[in-house]
Structures are given as structure tokens and as C-alpha cells.
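Within every chain, numbering begins at 1; the chains are lettered A, B, ... in the order of the sequence lines, protein sequences first and strands thereafter.
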Protein chains: 2
Amino acid sequence: MEDASKTAPSPPTLHDVAREAGVSVATASRALNGSARNVRSENVRRVRAAAAKLNYEPHLSAQAIAKGSTRTVALVVGDVADPYFSAIAAGVSGAAEEAGLIVTMAVADRSPDRELEIVRTLRGQRPRVLIIAGSRVDGTDTRAPLIEELEEYRTTGGRVIMISQRDLPFATVTVDNHGGARRLAHALARLGYRRYAIFRAPERVRTSTDRCAGFLAGLRESGAGGAPPVVVEAEFTRSGGHEAARRLLERGYEDVEAVFAVNDVMAIGAMTALRESGVVPGRDLAVAGFDDIGSAVDVVPPLTSVAVPLKEAGLRAMRLALSPDDRAAEERIATHVVVRESTPVLRPSG
Amino acid sequence: MEDASKTAPSPPTLHDVAREAGVSVATASRALNGSARNVRSENVRRVRAAAAKLNYEPHLSAQAIAKGSTRTVALVVGDVADPYFSAIAAGVSGAAEEAGLIVTMAVADRSPDRELEIVRTLRGQRPRVLIIAGSRVDGTDTRAPLIEELEEYRTTGGRVIMISQRDLPFATVTVDNHGGARRLAHALARLGYRRYAIFRAPERVRTSTDRCAGFLAGLRESGAGGAPPVVVEAEFTRSGGHEAARRLLERGYEDVEAVFAVNDVMAIGAMTALRESGVVPGRDLAVAGFDDIGSAVDVVPPLTSVAVPLKEAGLRAMRLALSPDDRAAEERIATHVVVRESTPVLRPSG
DNA sequence: TTGAAAGCGCTACCAG
DNA sequence: CTGGTAGCGCTTTCAA
């Protein structure tokens with residue numbers, strides 16, 4: 001008769017399965033997981049049957065501690081609700097599940113301090129892989145401690161992968177922000193635009209800064225000797241873009257033909273703000289963004305942007321992590337310009 | 001002299017910390033985590049210092065197995081890249097981090113089979129809480145096994161929370177789909193609309209079906225004796241909406257004044273499809289959606305929708321999970337109609 | 001207030 | 001091929 005204890009029953013253990021199957025735990029373990037082949041097939045059957053009957057599920061923590069390694073990949077994102085990050089998360093999660101890994105996700109709220117804190121506690125999980133997605137931010141005092149933390153993690157067998165820019169000495173999936181913005185500038189110049197406004201995030205947000213620099217470089221190369229662009233600084237979010245547009249309208253936009261917002265959510269927020277003030281995007285003022293998020297084709301007019309295969313970036317990050325190659329590799333994600341109606345031909349090219 | 005072993009160094013353990021601090025592991029454990037107060041403060045200091053010096057981070061798996069419980073909450077979503085789910089994920093993750101819990105995320109690809117499989121393997125993590133977000137799907141043969149799996153999980157101390165509709169015997173955060181759609185129908189009727197098309201997902205997707213039913217009920221109550229709505233069935237995604245609109249156009253839409261799409265991504269996809277065919281949404285054909293996702297205000301015309309506080313749903317789910325109350329509670333998330341320009345006044349009300 | 005030691009569930013080594 | 005058993009890193013009695 002079973003000991004009908006009154007305490008909360010606990011899930012069946014390998015012992016239970018072994019007993020049920022009439023074999024030792026060792027055999028049960030081998031049959032279910034370990035080096036499978038060294039078990040008489042009869043016993044494999046019995047163990048499997050017992051496991052199924054008891055609805056046994058191995059205790060991952062126990063396995064982790066016994067084997068000395070987990071099957072976990074930890075993902076740090078700036079903000080899940082932002083399509084930029086959720087696309088990356090989708091890629092990572094897809095590749096991870098394919099590889100039989102479990103994803104744990106932490107949200108850093110775009111704060112470098114929070115990011116550091118998260119990385120620290122994440123180490124407690126002893127994840128196989130640690131993927132950090134999110135723009136590097138210059139001039140914070142968390143840079144050094146973060147590097148130290150990650151360095152140590154790597155020393156003890158972990159794999160670090162960054163997604164964004166190559167700023168820290170770890171394997172990185174970089175997005176070609178500079179090149180994409182540069183080519184966008186060329187494309188706009190070809191359409192006849194000469195005078196620009198740029199909606200950018202604060203200087204220290206690297207992604208924004210890289211895109212700006214690329215855009216400016218592209219402008220110079222196009223020989224558009226026009227006045228330097230009007231620069232409006234705001235948050236790296238939809239509402240940041242909205243606000244930037246309002247500020248531009250306040251100032252007056254007679255001297256600008258096109259706005260380059262450093263990401264699509266800003267561009268979309270800006271378009272809405274323009275429209276709210278009776279300025280028709282694409283007709284009265286051209287707008288271009290960056291990222292080519294899904295909704296770029298659903299706004300009006302459809303948004304010219306620079307496509308960044310974010311989901312693929314997530315996939316590649318996982319693949320990089322799983323590759324045997326140990327060193328701080330760099331994997332470059334190409335970007336390409338997608339011209340849509342938000343930047344119509346302004347001056348027919350000669 | 002340290003044993004400079006050649007194998008990959010492993011992270012410091014509690015033993016290392018104890019040795020460094022000159023106390024026993026037991027004391028070190030108590031100082032760092034356990035019942036803190038029974039340690040001489042001098043020793044607490046020493047242990048803390050040692051831990052900091054070694055950059056010690058407790059091995060969560062080891063703690064889990066020693067304590068017999070984890071600090072993990074497992075979240076199952078249909079698709080992270082969909083704003084519906086990423087909003088929920090944001091809510092869950094926010095509340096979890098606040099409670100010091102770690103979130104592990106799995107993506108079911110909207111497949112009930114995958115969902116079941118995930119739940120099964122997730123049990124191996126022994127999470128404290130298991131949150132399943134995603135529409136219930138009728139008529140699958142996974143329902144019974146899913147219930148069994150979850151039941152067992154609960155028996156062994158886990159908390160199950162569903163987000164969507166109350167279909168399974170577990171605590172649920174339900175979204176008032178029926179009521180919201182019903183009130184949307186009232187609102188549209190008040191604006192003068194009489195003849196509708198409905199873009200819905202297949203019958204078995206409960207969320208879609210509930211919204212349809214609510215909408216139809218609202219129509220009846222409004223006494224709009226018009227012809228029954230034209231129903232177009234498509235996928236529950238943006239491209240489903242796009243396709244539904246195309247099919248409606250093919251068929252001809254002279255007899256419909258407004259489209260109700262059962263979610264915003266469908267509605268937005270539909271608007272784009274309409275526009276691609278030269279049909280101006282809001283002028284030639286009104287469109288309304290459901291969920292009030294962020295981009296509803298950024299499309300043109302801004303989309304009439306039913307607001308569902310998804311992030312809050314995630315928060316509430318976590319809160320429910322953490323509440324002592326054990327039984328299958330139900331927490332209702334209210335929804336409310338937001339009328340925007342995609343459904344302008346059609347017939348001035350009398 | 002402390003330390004020794006017995007586990008937690010599982011794997012892997014070592015004998016048979 | 002199989003079973004016994006020594007850990008894995010940590011918590012938690014139990015005595016001291």
C-alpha cells in the first residue's frame with residue numbers, strides 16, 4: 001500500500017520509474033536519456049512504458065546539476081513590446097527550440113543599469129548561451145563591469161552573443177546600420193531630395209548615432225551641397241518620433257523636404273503627428289525610417305525604410321552561439337533600402 | 001597554492017565562498033540566502049565580502065533541487081512577433097521581474113499540438129507558475145491530454161493560469177470578447193451602419209468565434225434588420241486580413257458599408273488590401289478591428305477598435321498566479337470601444 | 001550561533 | 001548490459 005502522505009504530492013522521480021519498471025535507477029537513466037544504446041531493448045521498453053504510465057518528466061534542474069550544464073539560452077532584450085525586439089526574440093526562440101534549448105527572457109527596459117543587473121543574476125541560471133540584444137549606449141559606467149561580468153561568464157564556459165554593434169569584445173551579430181543609412185541617403189538624393197531633417201535619439205545611443213553618421217556620409221557622397229540637416233533629438237520610440245515631428249512643425253519646416261527618422265517606430269509616430277497637424281506625409285513632407293518593421297507597409301503612405309532582417313538576426317545569433325568556433329566572431333547582417341510612397345520622386349533625375 | 005587544473009574553470013561555488021570567508025558552507029548559505037538573522041553579523045559581512053570578491057552567483061538549479069522549488073514562471077505564447085502576444089509578454093515579464101521571478105518563454109506557433117508538447121516539456125522545469133496565452137481552439141484532440149497534463153502539474157504544486165477564454169478548468173484571465181464586440185456593433189449602428197462584412201478566423205478559433213457572436217448579438221439588439229453580414233473566413237493574422245479583403249473585393253462590396261475584422265492585425269492588413277485596389281478605407285468602406293494595438297492610431301484612417309489592455313492582462317495573470325487563493329478563479333478584463341476615423345458617421349442619427 | 005551531515009533528482013563511473 | 005554509489009551545489013535538520 002502506498003504511503004498516502006498528506007503533503008503536496010511531488011512529481012514522479014526517476015526512482016519511481018525505475019521501481020515501476022523493475023530496474024535500477026542507473027538503467028532507467030540510461031534508457032531515458034544517457035548513452036541510450038547500452039541497455040537491453042526489453043528494458044528500454046519497460047522503462048519507457050513506466051515513464052509514460054507515471055507521466056514522468058525529468059527534473060531539468062537535477063539534470064543540470066548532475067551533468068554540470070544546462071540547456072538554457074538566456075535572452076536579454078530592451079523591450080518585448082517593441083517590434084524590433086520581438087522580431088529578434090522570435091528568431092532566437094525559433095532557432096533555440098529547434099536545437100532543443102529553452103529560452104529564458106529578461107527585459108532590460110533599455111536601461112544599461114538594468115541590463116547589467118540582469119546579466120548578473122542570469123549567470124545564476126548557468127545558461128549555455130547568453131544573447132544580449134539592444135543598442136550599446138556610450139558613456140555609461142556600466143560598460144566596464146558588464147564586460148567583466150561577461151568575460152567571467154565566458155571563462156566558465158558560457159557563450160556570449162551580442163546583437164547590435166560590435167562594441168564589446170564578444171561575438172556579435174552586427175546590423176549594417178551605417179551602410180544602410182548611407183544607401184538610403186543615396187536613394188533619397190536620387191529621388192531629388194536635397195534638404196533634410198533627421199530625427200535621432202540621444203547621442204549615446206549607438207544604433208541611432210551610427211545610422212545618423214551613415215546618412216550624413218551618404219549625403220556628402222551624393223554631393224548634395226545643401227544646408228546641413230535640421231537635427232531633432234528625441235526618444236528612440238514611437239512617442240519620441242511623434243514629439244520630434246511636433247517640434248519640427250513648431251520650428252517650421254519650409255526648409256526641409258524629407259525627414260529621416262532613425263527607426264520606423266519613430267518615423268511612424270512622426271507621420272501621425274504630421275497628419276494631426278494637417279501636414280500630409282509623402283506629399284507635404286517626405287518621411288523615411290529604418291528597420292522595415294512589418295507595419296511599414298500598412299501605414300499611409302507606405303514607409304520608405306531600410307530593411308533589417310531582425311528575425312534572421314536572432315536566428316544567426318543562435319547559430320553563432322552553437323557553432324564550435326570559440327572566438328569573438330562577427331556576423332554582419334546586411335540591410336537594404338526599400339523605397340515606398342512616403343518618399344515620392346521630388347525632382348525627376350537628370 | 002591553488003590547484004591550477006587545466007580543465008575549463010567552473011564558477012565559484014558556495015564552498016569557495018565559505019572557505020574564503022573562513023566559515024562553514026552552512027553558515028555561508030544562511031548568510032547569503034536562507035533564514036538570514038541567525039548569523040553573527042560579523043560573519044554575514046565576511047561572507048558577503050567573500051561572495052563579492054569571488055563574484056559568486058548562486059547556482060539556481062542547485063537551489064531549486066535543494067529547496068524543491070524554483071523561482072521560474074513559464075510563459076507559452078502563440079507568436080512573439082504578434083503585438084497581441086508581445087504585449088502580454090511585456091506584462092507578464094514586468095510583473096515577474098518585480099516578484100523576483102525568472103520568465104521562460106516558449107512559442108507555440110498557434111498550434112495546439114505544439115502547445116501540448118511545450119507544456120509537457122515545460123513541466124521538466126518545475127516552474128512555479130505556468131501561463132498559457134492564446135486562443136483556445138475547439139475540436140482538437142489535444143484538449144483532453146492538455147487538461148490532464150495541467151491537472152497533474154497543478155496537483156504537484158504548480159499554478160496554471162490561462163489568458164484568453166474560460167474553457168479549461170483553470171484560473172483564467174478572460175478578455176471580454178463577446179461584450180466588446182457587442183458594444184462595437186452598437187456603436188457602429190449608432191453611426192448609421194446597417195450592412196456588414198465580417199472577417200473572421202476559422203470556426204474553431206474561440207477568440208474569433210466569441211467576437212463574431214458578440215458582434216452579431218449587438219447587431220440584433222440594435223434592431224438593424226438588414227441582410228445578414230457577409231462572412232469571410234481567413235487566417236487570424238495580418239495576411240489573413242489582407243486576403244479576406246481581396247476576396248471581398250472580388251465578390252463585390254456594393255452591399256456592405258462596414259467591415260468588422262476580428263482583430264486589428266487583420267483589419268490593418270485588410271485596409272492595405274483595400275487601398276491597393278483603390279478602395280479608400282473609411283470613405284468607400286468603413287473598417288473596424290479588435291484589440292486596439294498600438295499601431296491602430298498610426299494607420300490611415302485611424303482604426304476604430306475595441307481596446308483590450310493586453311499588458312495589464314499579463315500583469316493580472318501574474319498577480320493571480322501569486323495570490324494565495326488556490327482555486328480556478330476568473331479575472332475578467334474589460335474591453336471598451338474606441339471609435340476613430342475608419343468608421344465615420346454614415347447616417348446622422350435621428 | 002555554528003558546523004556536520006543528510007538529502008534533493010539525476011548522471012556517470014566502476015565493478016560485476 | 002546492469003546495479004551500486006559517489007558526487008553535482010545547495011539547503012536544512014540536528015547536535016553541539
Give a yes or no on whether a salt bridge exists between B:Arg120 and B:Glu152, defined as a side-chain N under 4.0 angstrom from a carboxylate O.
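Salt bridge between B:Arg120 and B:Glu152, a charged N being under 4.0 Å from a carboxylate O: no.
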Rounded to whole angstroms, how far apart are [atom1] on [X] and [atom2] on [N]?
X	N	atom1	atom2	value
B:Asp16	D:dC8	CG	C1'	13 Å
B:Leu54	D:dG9	CG	P	14 Å
A:Asn38	C:dG16	CG	C1'	15 Å
B:Leu32	D:dG9	CG	C1'	13 Å
A:Ile65	C:dG9	CD1	P	12 Å
B:Leu14	C:dC8	CG	P	19 Å
B:His15	C:dG3	NE2	C1'	12 Å
B:Lys67	C:dG9	NZ	P	16 Å

Under 3.5 Å side-chain donor-acceptor pair for B:Thr174 and B:Thr172:
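No.
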Starting at the 5' end of DNA chain C and moving along, which residue's nearest nucleotide shows up first, B:Arg126 or B:Thr27?
B:Thr27
Residue B:Glu330 excluded, over 12 heavy atoms near CD under 6.0 Å
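Enclosed.
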Are there more than 12 heavy atoms of other residues, nucleotides or ligands under 6.0 Å from atom CD of A:Glu151?
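Result for CD/A:Glu151: enclosed.
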So what does A:Thr13 touch, heavy atoms closer than 4.0 Å: a base, only the sugar-phosphate, or nothing?
sugar-phosphate
OP1 or OP2 of [N] versus the side-chain N and O atoms of [X]: is any pair under 4.0 Å?
X	N	result
B:Ser29	D:dT11	yes
A:Asn43	D:dC1	no
A:Gln63	C:dC10	no

If you assign each of B:Val25 and A:Ser41 to its closest nucleotide in DNA chain D, which residue comes earlier from the 5' end?
A:Ser41
Side-chain donor or acceptor of B:Arg30 under 3.5 Å from a matching atom on the base of C:dG3?
yes
With a 4.5 Å limit on heavy-atom distance, are the side chains of B:Leu60 and B:Arg71 in contact?
no
Between D:dT11, C:dG3, D:dG4, which nucleotide gets closest to the side-chain atoms of B:Val23?
C:dG3
Residue B:Ser24, side-chain heavy atoms: nucleotide from D:dC10, D:dT2, C:dA4 that is nearest:
C:dA4
